[in-house]
Every structure is written in C-alpha cells, then in structure tokens.
Amino acid sequence: MSGTNAASGAAPCRFAHYFVICGIDTETGLEPDELAALYQWLEADRQGRDPDTAAAGENFEQSPLKRTFKSKVLAHYPENVEWNPFDQDAVNMLCMPKGLSFRTQADSREPQFHSFLITREDGSRTYGFVHTFYEEVTSPQICSAMQTLYQMHQAENPSSATPSSSSSSSMDSLASSLDEADSPSSSSCRSAACGGYDASRDTLYVSKALCLITPMPFMHGCRRFLSQMHWAVTAASPPPLPLESYVHNILYEVPLPPPGRSLKFHGVYEPIVCQRPGPGELPLADFPLGQTFTLLGVENLVQLFNCTLLEMQILLYSQDYQRLMTVAEGITTLLFPFQWQHVYVPILPASLLHFLDAPVPYLMGLQSKEGTDRSKLELPQEANLCFVDIDNHCIELPEDFPQFPNKPEFIQELSEVLLHYDISPVGGAPPTSVSTSSTTTTPGSVYTRHPGLKSQQALRELEDDGRNGNLGGEQLAVLELLQGNATLERLQALAKRTGVRVEALKGVGGEREGQGRRTAVEEEELRNAKLNVQLREVFASRFTTMFADYEAFVIQSAPDLESWLTNREQMHNFDKASFLSDQPEPYLPFLSHFIETQMFATFIDNKIMSQWEEKEPLLRVFDGRIDKARLYNVRAPSLRSSNYQRCTILKESAQAIEQRLMKIDHTAIHPHLLDMKIGQGKYEQGFFPKLQSDVLSVGPTNNKWSNRTATAQRRKDRHRQQTEHLTLDNDLKEKYMQEARSLGKNLRQPKLSDLSPAVIAQTNWKFVEGLLKECRMKTKRMLVEKMGREAVELGHGEANITGLEENTLIASLCDLLERIWSHGLQVKQGKSALWSHLLHYQAREEKLEQQQAESPVSNGPERRKSESSIGMPSLRASVIQDMRHIQSMGEIKTDVGRARAWIRLSLEKKLLSQHLKQLLSRQALTKKLYKRYAFLRCEEEKEQFLFHLLSLNTVDYFCFTSVFTTIMIPYRAVIIPIKKLSNAMTTSNPWVCVSGELGDSGVRQITKNVLEMTFDSAFRPHTHIDAMFKCQNLGKLTTVQLGHDNSGLLAKWLVDCVMVRNEITGHTYKFPCGRWLGKGVDDGSLERVLIGELALPNADEDFGRGCRTPDMQHSPGQTRRVSITSMGGRGYKPTSAQIQEAIGEAVNSICKHFHKPEKERGSLTILLCGEVGLVGALEQFFHNGFKSARLFQKTVFVWDFVEKAVAYMESADQMGDMQETAEPLGLTCVSLCHYVSAINSSPRNIGKDGKFQLLVCLGARDRLLIQWLPLLLECPVIQQMYEESALLRDRTTVNALIAVLQTLHDFPITLEASLVKGIDL
C-alpha cells in the first residue's frame, strides 16, 4: 500500500504515467469489433433502414484480413494513478482506432507511430504516444479461426477473391474499409490470391501497440523510447537489461524536466534529451510545425488558423493518424494566448463518426481510406465547415468570413522563417527530414550503427555517464582509473548475467573523441525545436500587437469571485464597442468577429479571475510580453496604425532552445536491474514478452527525487486545505464555472467508454439543450445591443454598437440557424441544410399551387394587407415569394449564400420567426428529412426557439438592404393627391426621382394620367397615380423629387404625399407634401424635394409580426409646411421661446450626427430639411413677425424678403454706399448676392420655399449663414416687411442665433445631390 502511494504521490512530476500494451487476447480469440457493429447500427438508422437487422450477423463480404477485430488492453503499468485514472476503453480505442489488423508474409508490415490525446471534462489533457508493429500469431486456434473465416468468405463470394466494392454511402465505405493497410504499397504487395490466407502456406501476423501515456506532449522523446523498445525485441541479441528495467525507469525514475531546463534519460540503446520552456516562454509544443507547414503551405495554414480563431467547424482528413495529430496540435499551439474551447478530437475513431453531426464548433481529424474520393464524402453540415485534405495539400473554406489582419505581410514573414530552414512556403512537398516524415520510419533506420553493436554501446554509456550519482566525470583519465576497479567488475558481472559480451575497454577511449558531436537525429530535433519556436513567435507577436491595450477595456465590476461567478452571464466583461473604436480600420472586420468567440470570452474571464486567483499560465506569459513591449515602445503613434510590425525576438527564442539542448541540466537515474523472479520473460526474438507486473506496479521509495516530490506534494496538500476554508467551496465554484462557460465546453471530448445508442441519444439531447441556450443568448444580445442604440436615437443612454458589430451578430445568427438545420439530418443534400429544406418546401408548395390553380384560395399567413396607405396595393409576403426574390439574385452563387440572404431578408421584413414556423408546419416533410433526435423534431424546444426569434421583431434591421447593395430592386411609387377629384387630375406630365443613402433612381417619367380608382372602408372613391420602376438598390430612402412640366389646361396639382415601397423588403416610405405644384398657385413651384420617413404598418394589418420601436427619423409632415406658408397664416404659430428651442435642438441633432461612427450616421438631409430639421426651425424664425398675408394682394414669402434685401445690396454697391463698409462685410454681401443669383438662375422650378431651403443648406455647408444674418438685420428692407417685435429685428436674439449656428462650423456638412442639382456656384 505504501509503495503504491509513493508511486502515485510523485505522479504529477513524472515524465510518464502509464506504459500500455494493446493487442490480441489469445484466450478470448477473434471477436468482431463491437464498435464497427455499432457504427453499422448508426449508419442503418441514418439511412432509414431497420438498424437491428443491419447490425446483426457478420460481414462475410469482406476478406477476414480486411475486417476489424476487437483489440484489448493486454497490460498497463501501474494499475492506476490517482489524478489520471486509467480509462481502458478510451486508451484501447485510440491506441488501435481501427481495431486489430492481420497481415501475411506477403504484406507490408512496417511499424507505425501515432499520437493521440484525451481531453478530460475539466479541459485538461493527457497525451498518448503509440508504436504499432506486427507480431507473428503463434496460437493455432486463432490461425484456424482465420482459415475458417476465409473459407466462409470464399463461399459467400465465390466469384471474387478480392473484397467487394464499398457501399453507396460514402460515410459507410469510409468506415467499412478503415482497417485497410496504411502503407501505400499494401494493396500492390498482396499475394496472388489477393487478401487470401492459407494456414498451411502463410504466416499470420497481427498488430500490437506499445503506448506511453504522459502529462505533457514530449513527442520526440516518447517516439524514440518506444522505437528502441521495439528494436530491443527484434534485434538478434537480447537488450542489455530486461525490458522491465527500462519501463520501470521511465515510469518512476525519469522526472518531468523543470521549467526552463533540459533532461537526459536513457532508452534501451541511446540517451534521449528533452527540454521544457521557461516561465516567460511560449508553452511546450513538441509536434513538428515545419511538417504542418510543409503539408499545407503557408497560405492554406494561415486560412486554417483564421477559421480556427473564428471558431468554425474544422475537419482534418488524412490516411495517416500522425499527420492528423500533427496538424491539429500545430494549429491549436499557434492560438497562444487563446485556447480552443470546443470539441477537440484530433483522431476520430470510426465508431464516433456520428459526432460529425455535432451542431457546435469542433476540431476533429478523420482517417481517410486510400483512394477515397473527397466528393463522395457526405458530411452532415458544410455551411460553416473548413475541410482540410492534408494528403492532397488543400483546404475548402466556408463562405464569407473576414481575413486575418495584414495577411500578405504575415505570410511573407512566415515564408522567410521557413526558407531560412530550407522549407518551401508553398507546401505539398514531401517532408525533408527523417524524423518529421509522416510515414513512420523503421525504428532501426534511426540508428546508423550495426544492431549487434547496440548492447555494447549502451553498456559503454552506462559505464561512462558522469551524472549517474556514482561516477564523477567524463574525461578519459577517469576511465583509466576504472581499470581493475570494483565498480567495473560489478558492471561486467551484470553484463554477463544479461547475456551481453563486453569488449576490452581499450576501444572505449577511442570512441570518446566523437562524443562532443551530436548525432543526425539530435541535429534534426534541435532544428525542429528552433523552427517550432520561431514560427510560434511570429504568430504570438501578431496577438501582442493587436491586443496590446486589451486590459484597458476589461470591465472589473464584481467585488469578489463568488459574486462574479454567480452573475457571470448577466455581466459585460469587455467594452467591445470602445475597443473596436480604438482599432485601425482594416482590423475591424476580423476583430469584430473574433471578440464574439468563446476563446476570447474565456481569455477575458481568466483575466478577471486573476485578481482573486493565480494567473492562468498562458495569460501570465502574454501579460508579461505586453508589459515588456510597453517598456521598450511606450505605445506612441503606432497605437492606431495598421502598419505591420515584425517579430523582433526570433533569434533569442531559438538561442534559448539551443542552449538548453547543448548544455544538459539534469540527467535521470539510469535503468538498472530490478528485484525480479528469475526465468520469467525469457528473450524471444520478434515477440514482445509478458512483463512482470509486480515490479512495475510500485515505484522506488528510496530515491531523493521521489522523496522530494512527495514532500512538495504534502506541502501543497496542506496549503490546499488552508485555502479551502478561505475561498469559495470548490464544488460550488466548479458548478458555476461549468455554467459560466458556454455551450460545447462539456462536450470537448466525446465519451469513449460507453457508446450505446442510449448514450448517443443523451449526447444529442445535450446538443439540443445547448442550441436552445445559444439561441436565447444570441437573440438577447442582438436585442440589447440594438435597443441600446435606438434608445440613444431617442435621447437616452450611450450607443454601444456599430454597424460592423451588428453585422457580426447577424452573421453569427445565420451560422446558428445553419447548425440547427444540420442537426440530425437523414440525408444531406447541398452544402446548406436550411436552403435544402426550403427547396423541398418550395417544391411541395408549388405542386400544391398547380393543383389549386383552377380554384385559388387565399391562405391566411401567406398574405399581408396593404402597408399603411389607401393607395398601396397589398404586397404578397410568403416563404416562397422571398425565396424567389433570392433565387433571382444573380450575384449570389451558392446555397449557403442564398440561405444567408433569405435569413437577412426575413429578419428585415420581421418575418423570420413566422417564415420558419410556416416551414416547420409541414411535419411530414420535417419527419422525412430529420432523424427523431434532431432539434427540429423536439417540439417544446422548437417552440421556444421560434419564440426567441419572434422577439427580434421588436427592433428594425436593414441587414438585407445594407449588405446587398448592388442588386436590382423593383420599387413602386404612388402619388396621392389631396382628396378632391378635380385637384387629383392633371394634364401635365409628372415625373419622380427617388434618392436613398446609396444613390438615386434618376428621373422617371410617369405615363400621363395613369389614374387608378380605389375605395376605402366607407366605399369613398380615391384616385392616385401608380408607377413601377426597377433600379439598383438605393438603400434607406431619403428624398423624392416630384415635379411636372406644367403643360395642358389642368396643370395645377395638389399633392398630399408620395408613397414609395421596396417590393422585395416591403419597406414603405411616406414623403408628405401637402402643397400645390403649378405656376401661379402657392409659391409657384413645379418641383418639390420631399423628405421621407419609414411608414409604420397598422397593428391590425400586421398581426403576428410583433411591435417595433418608435421611429428614428421623422420628416416634414403636412402641418409644418402648411403653417409656414400663406395657407398656414390661420394655423398654429409657435412662440419665440419655442422657435429658439427648436433651432437649438436641430443644431444639437446635427452635432450628435457627426459624433457617431461614420457608418452609423444615417441621413443628414433629414436633420437639415426634415420635420424637426434646421431649415424648418429657421423658417419659423424668419416667419416670426413677417407681414406675409396682404389683403387683395399676392402672398409674400420669406424668399421675397431675401430677394429684396439682395437687390438693395446690389444697388447700394453700384451707388458706392458699400465702399465705406469694412472689407469682410463687403465680401459677405458679394457672397450672399452670388448665392441668391445662382439659385434664381437654376433651371429647376423649385418654388420660393424650395429656394429658401436651398439657401439655408448651402449657407450651412459653406459656413456662411452666420455672416449673412447681420446683413439681413442691417438691411432697411427689414422695416417694411417685418413687424417691430419680430425676432429677426432683435439684435440680441440674432447674436444668440449666430452663436448657436457657430457650432456647426466644426463639421463637414455635405449635401445630397437631389438638393443641389442644377446649382452652379
């Protein structure tokens, strides 16, 4: 018992935790692989066949040499380690992912090496390193069983000696042949009876695996140790010591190297050196990155890295397990200081292929069968999948994702590092080195000397190593002293006992001279280590640059750890909007996506928790680097610069590695004879012996190292017990942390031990719950962000969302919907599961439509009534109609793109929840397309999901209009006259020009008198003019220019408003007018510029779409236009205080407009000319005390006053009165006269109010308004046209107005083309 404790007590510091042997259990004999049977059950279920009949019985179609048989863990030492319990099923499955495979003497039997890892539920990892070789089968029972199986196979398939072709399902074919030979030559080197076996003629071999399980990924060291172990049983002479000595040594006597140090320990024949990075360096990564770059090329690898950062689904595909592991570990290593937070299975066993159905981000590796066609590989979901075909050096990327910042310069820097090590940056070339090559070399090929000399060389090293605790140096002089020494005699006796001949010692000294030089293998390992660290430093340097100031935006809001953990989900931990506003423009697309990922959220969580707990190691290293960079660089002007900054520490990082490997800091105790039973485990060439378990289950109790670690462990335990009283209860904390970490964290690694259908169903249920939770979080985030911004528009709070961020959230919603629709698919069709479902629905509905063509029936939810006005005909809104809009868009080429466009369009129309409800209402279709565990067939969760989406109807999105800016959109314009039939008719030729944020439609002539008669609810007739036109997307509509050519007898036209509708999105804009167009009536205008507002749908017309927030943009209604003209003399007149307040608010709105991010500003035209705009407020100012209505005379307008004032100034100037005035004042007079003259000479007939509006807009733009006001105040004309009490005649009020308008000079006001058309200044 005490021995076991000693063994386990030191376990955290031990180099290896377990030594495992897997292979065939001769007692139970040949058993078909249960996992393969389970896979057949799952496949049958996927294809809709009866799974029980499919999985029953054996598969005699395949040759027994190609079938999978059950492997077992034959032995593992020690029995158990306290903090790393042995998971027998998982280790067996990952050591031999394809089960046992058999060979004959005619087949290739090259040993193979691969690695694997097991991720525990808390996210910690254990690494496994496996050396697989073939051992002759000596059991006559197994040979005869194989013979019988082969005869049965021949009886079932008399025509073919070769195995039958694989089935139609590619996933099936992938799994059914997963146990075919790895080596490319295997298929060609079969005997004539290909795949045949005859016990009398053939020798049968079976695979066996030796495995080391370690806490850290010392890949090179483990690989060399295992290959030496294998070599020891295949060499002609037995090894220097029994194999138990070497296994015991690596399990109990070889410690982990301390941080920043190197360690030498001994294999069977050669010493092995490994090193561990120091506390300030990048963490250990021993998998050869150079090989990853060689396999994929720099360009592909950077794209894969980008997809990993954005947490897409990543599937690696290769015949070689070690390649899968190398690329997976390489990519996750490069994420420093971030960590992959989702499902991570670098080697996915055949029995777990259903895990590809997981609707969460994952990084998995799938073994391909030789010759498998990628096009036939059906994957459950591809909309957000990055598929990496390692063997063919290519990747398939998802659509439409942001590129990594400074990508060309980044690739250039990486290429230079690779070229320095003679590696082509293009990729696709075979790896150059022995140890990095992916097809594992024979262990023997690593060693250049003759095998017979190995035992002698090992003994010499045992004799002469100076740091074994006995001998004191490495010079030849010491060897001479040892001649005749008692120690040497003991060594010679030991050598005799183990059957090794010892040569005369004279030769030893001669060989010592080459000792200083490293072997080729050591050189290669050093080169790999230096290349690894330099490539990783280039990646780490990018993050150090991009996130140099991240700490400033971390929100530390909780007083203690417990309250932070309790309220984790409700808290904002990072000020995303401020962080983004501080970044260079080119970085924003990437960063806005990246800061939404789980890996970034976890990084920030770790940062916040570091104020109460010890810093997470990666965070500690990263923060140290940022502090160091600040010392040297004080973050001056480079802060917002997007200039590429190259890594400056490449040389130092490589030197640190080289120094550690050149100068060994520690040497482990040598392997030595153990107290073993004599006669057991006799050496038999080619067979790995049964090891004595009693000597391997207990570690030493007397060596200094284990005592030291046990003491340290006791000290740690005491400290832990003390802190448990002070801090939060660990179980509670773990519970909070599990909840705080979002979806997929608990599913990082599928449970390998139990794979019954019940467990698979439970896993899928977890996915369903996770998807629902993610949907709730995403919709909540979208609402909070959007409402936050609209509250600002209404004057409350601060904005905290940018268009970029909104776009990111919507893209992430599209991704979530794709994952939901991919979950539990029966048969996959096309890359987008959602679009595939929509196409099925469309086909069914169109079939029904054809059947109902003779007697059309209106379908409730498929129709919507007219928007909000009498004139607009109703717009049909249905799932199919919106699909047809998307299908007609030639710009979108793929199904994934169409699905995303359809989601955006439905969201903008506030119909997303309704459309999806309609889609899922066809239950027969859903049952046909989805398995019974799919999310879309869980009724309660589906209802909650649709309800969450319905909540998005409460806010306005323009996510379709703002993204698809180049598409052609049909618009309908309806001109509604004031409701008197005579005024509604006009003989002139009307025209409109619609303008939006993205452009204008150009002048569109309307066919003369296209009068349409409609009836309202009281059956009163109304007429209007209706016109349809198609033009490129105009974005949000801002203005309509409406006019006519004044021809014919009925040329005067009284227009109530113009309605314009986007026929795709259904957005309707109302442009109020309430004025005449015609000569000799109103202000004589033949053309008016009308300012639009988004029309609100009436509640009864819009049932089921939910409410919406109050509108953000109001524009000139009839009331203001009427009140400030002659018609409005009788109307409402504001007080002087109200007028001044209105001017202040209008100027304030313009200032706020310019303080928003550029992409968020909306329309300045509305703020200038809208209902509460600057022009309207100034018109009221000029109308105060204005003598406009004269008895029996024409109405006088403000523009008449301006013209008279200008005429006076021009005549005074000609008479010389202006000569005495100050120079600037004279220039101001000239500018006012020039502008008024330019407006009057414009070819447009915009009327007097239109001209005044134009003058105010031009004056605001060119910063001349405040110069013109004093001129008008001083002009004598004012006394004739204004009453004494008028605001314009009060010098104090005018000076106050000038001070308010002065604030506009800080901003560059630009005017819409529709306002200034035809003005030549």
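Each residue takes its place number in the sequence, starting with 1. Since the model is a prediction, treat every value here as computed from it, not as a measurement.
Between His230 and Phe133, the ring centre distance stays below 6.0 Å. Checked against the 6.0 Å centroid threshold, Phe543 and Phe338 count as a close aromatic pair. Aromatic ring centroids of Phe539 and Phe410 lie under 6.0 Å apart.
By the side-chain hydrogen bond (donor to acceptor under 3.5 Å, both in side chains) test, Asn300 pairs with no residue at all, sequence neighbours left out. Shown here are the side-chain hydrogen bond (donor to acceptor under 3.5 Å, both in side chains) partners of Glu616, two or more places apart in sequence or in another chain: there are none. Partners of Phe265 under the ring-ring contact (aromatic ring centres under 6.0 Å, His included) rule, at least two apart in sequence or in another chain, are Phe15.
A side-chain N or O of Tyr344 and one of Glu329 form a donor-acceptor pair less than 3.5 Å apart. Side-chain contact annotation: Gln322 with Ser115, donor-acceptor N/O pair under 3.5 Å present. At a cut-off of 3.5 Å, with distance as the only test, no side-chain donor of Gln655 or Gln659 sits close to an acceptor on the other residue. With no hydrogens or angles considered, a side-chain donor-acceptor pair links His672 and Glu253 at under 3.5 Å.
Heavy atoms only, all atoms of each residue included: Tyr246 and Pro240 are closest at OH-CD, 3.5 Å. Across every non-hydrogen atom of Met216 and Phe129, the tightest pair is O-CE1, 4.3 Å.
Residues Pro257 and His666 are not in side-chain contact: their nearest non-hydrogen atoms beyond the backbone lie 4.5 Å or more apart. In this structure, the side chains of Tyr362 and Ile314 stay at 4.5 Å or more apart for every pair of heavy atoms. Proximity of Met599 to Trp340: side-chain heavy atoms (C-beta onward) are separated by under 4.5 Å at one or more points.
The closest donor-acceptor contact from the side chain of Glu413 to the backbone of Val538 lies at 3.5 Å or more, if one exists at all. In this structure, Asn406 contributes its side chain and Asn643 its backbone to no donor-acceptor pair below 3.5 Å. Proximity of a side-chain donor or acceptor of Ser207 to a complementary backbone N or O of Ser101 within less than 3.5 Å is detected. A donor-acceptor distance shorter than 3.5 angstrom exists from the side chain of Gln228 to the backbone of Tyr269, with no hydrogens or angles considered.
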Test salt bridge (charged side-chain N to carboxylate O under 4.0 Å, His left out) on Glu281 and Arg625 and set out the steps. CA-CA 9 Å; Glu281 297 175 61; Arg625 289 176 168 228; over 6 Å; no
Residue pair Leu526, Glu658: steps toward the side chain to side chain contact (heavy atoms under 4.5 Å, CB included) verdict: CA-CA 7 Å; Leu526 173 61; Glu658 188 162 12; 4.0 Å; yes
Could you walk me through whether Tyr18 and Tyr77 pass side chain to side chain contact (heavy atoms under 4.5 Å, CB included), step by step? CA-CA 5 Å; Tyr18 294 99; Tyr77 313 102; over 6 Å; no
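A salt bridge is defined here as a Lys NZ or Arg NE, NH1 or NH2 lying under 4.0 Å from an Asp or Glu carboxylate O, and Asp665 with Arg660 fails to meet this definition. Between Arg542 and Glu409, no side-chain nitrogen of the basic residue sits less than 4.0 Å from a carboxylate oxygen of the acidic one, so the salt-bridge criterion is not met.
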